Amino acid sequence: MKGSLPVGSRVSIALLHYPVYDRNSRVIATAVTNLDLHDIARLARTFGLFRYYVVTPVEEQQALAERIRAHWQDGWGGSYNPDRRKALELLRVAPDLDAVLADLEENYHRSASIVVTGAKERPDAVSFEGLRQRIQDAEDHFLLLFGTGWGLTDEIFDRADFVLEPIKGAGEYNHLSVRAAAAIILDRMLGQR
């Protein structure tokens with residue numbers, strides 16, 4: 001490893017609830033879910049990530065995410081399940097992608113490289129192995145973006161430094177839950193080989 005920090009600590013993930021598409025390609029904000037908060041935080045801790053961001057402009061959804069986080073950090077849940085508390089230490093709630101990028105720049109004193117994920121083939125997509133190698137060789141911080149609903153908008157893809165190739169299964173069906181996709185991608189990027 002070239003970088004002075006462990007590889008995983010130079011990677012963060014953000015789960016965007018806006019802007020994403022619905023099934024009719026309209027731009028919407030999706031609801032925050034308890035399962036996504038818990039399970040992706042556990043993934044982030046398992047792979048040694050710096051942060052896990054949940055992004056929503058909806059104030060009620062921000063409050064819900066903060067309330068769940070606080071229960072497992074400061075409330076009864078933290079003493080009941082210390083492993084969950086440790087995972088949710090990584091969670092930050094942000095109103096938009098710009099706030100996430102500002103937080104990372106404040107911590108790393110430079111811009112993060114944005115990596116966008118999705119289920120569709122896109123031209124010039126970087127392979128899993130190619131991105132894994134870049135992460136290992138660079139000293140930069142990488143932010144992996146995951147979308148909810150029917151995927152991230154073109155506006156988000158236009159901001160990407162890298163677009164990651166989609167996960168390919170055994171057939172045509174390709175509609176994984178975001179938790180499953182995040183687990184597969186993090187294992188391919190940061191898992192021990």
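What you are looking at is a predicted structure, and each value in this text was computed from that prediction instead of being measured.
D103 pairs by the salt bridge (Lys or Arg N to Asp or Glu O under 4.0 Å) definition with R51, not counting sequence neighbours. Scanning for side-chain contact (heavy atoms from CB on, under 4.5 Å) contacts around A65 gives V32, L37, V93, with sequence neighbours left out. Remark: N34 engages H38, I68 in a side-chain contact (heavy atoms from CB on, under 4.5 Å) (not counting sequence neighbours). Every side-chain contact (heavy atoms from CB on, under 4.5 Å) that P57 has, sequence neighbours left out, goes to Y18. In terms of the side chain to side chain donor-acceptor pair (under 3.5 Å) criterion, D74 has no residue partners (sequence neighbours excluded). Applying the salt bridge (Lys or Arg N to Asp or Glu O under 4.0 Å) criterion to E105, with sequence neighbours excluded, gives no partner residue.
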Item checked: Residue pair Y21, V27: steps toward the side-chain contact (heavy atoms from CB on, under 4.5 Å) verdict -> CA-CA 5 Å; Y21 291 121; V27 178; 4.0 Å; yes

Show me, pair by pair, the donor-acceptor contacts under 3.5 angstrom made by side chains of residues 170-186, not counting sequence neighbours?
residue: N174; atom: ND2; partner: A119; partner atom: O; Å: 3.0
residue: N174; atom: ND2; partner: I167; partner atom: O; Å: 3.4
residue: S177; atom: OG; partner: A180; partner atom: N; Å: 3.1
residue: R179; atom: NH1; partner: D36; partner atom: OD1; Å: 2.8

Could you go through residues 150-163 and list every donor-acceptor pair under 3.5 Å that involves a side-chain atom there, pairing it with any protein atom two or more places apart or in another chain?
residue: R159; atom: NH1; partner: D98; partner atom: OD1; Å: 3.2
residue: R159; atom: NH2; partner: D98; partner atom: OD1; Å: 2.6
residue: D161; atom: OD2; partner: I114; partner atom: N; Å: 2.7

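Counting all heavy atoms, side chain and backbone alike, T148 lies closest to L16 at OG1-O, 3.0 Å. The two residues K168 and E121 come nearest to each other via the heavy atoms CE-OE2, 2.7 Å. Closest approach of T56 and H17 over heavy atoms only: CB-CB, 4.1 Å. The shortest heavy-atom contact between W72 and N81 is CZ3-CB, 3.6 Å. The minimum heavy-atom distance between I13 and L143, with the atom names listed, is C-CD1, 4.0 Å. The shortest heavy-atom contact between T30 and I28 is CG2-CD1, 3.8 Å.
Between L49 and L190, the closest side-chain pair of non-hydrogen atoms falls below 4.5 Å. Contact annotation: the side chain of D140 never approaches that of R10 to less than 4.5 Å [non-hydrogen atoms, C-beta and beyond]. Side-chain contact between Y53 and S12 is present, with at least one heavy-atom pair separated by less than 4.5 Å.
Chaining together hydrophobic side chains whose heavy atoms lie under 4.5 Å apart leaves L35 on its own.
Annotation: salt bridge (Lys or Arg N to Asp or Glu O under 4.0 Å) contacts involving residues 77-95, sequence neighbours excluded, comprise R45-E89. Among residue pairs with one or both ends in residues 118-144, those qualifying as ring-ring contact (aromatic ring centres under 6.0 Å, His included) are F50-H141, Y108-H141; sequence neighbours excluded. Screening residues 57-67 for salt bridge (Lys or Arg N to Asp or Glu O under 4.0 Å) gives E66-R69 as the qualifying pairs, with residues at least two apart or on separate chains.
Distance check: R132 CZ to S127 OG gives 11.5 Å after rounding to the nearest 0.5 Å. Note that CG of L43 and CG of D187 are 10.0 Å apart. Values are rounded to the nearest 0.5 Å. Here the CD1-CG distance, from I40 to L88, works out to 11.5 Å after rounding to the nearest 0.5 Å. Considering CZ of R188 and CG of L164, their distance stands at 9.0 Å, rounded to 0.5 Å.
When atom types are taken as modelled, the side chain of D22 and the backbone of N24 share a donor-acceptor pair closer than 3.5 angstrom. At least one donor-acceptor pair under 3.5 Å links the side chain of T117 to the backbone N or O of L145.
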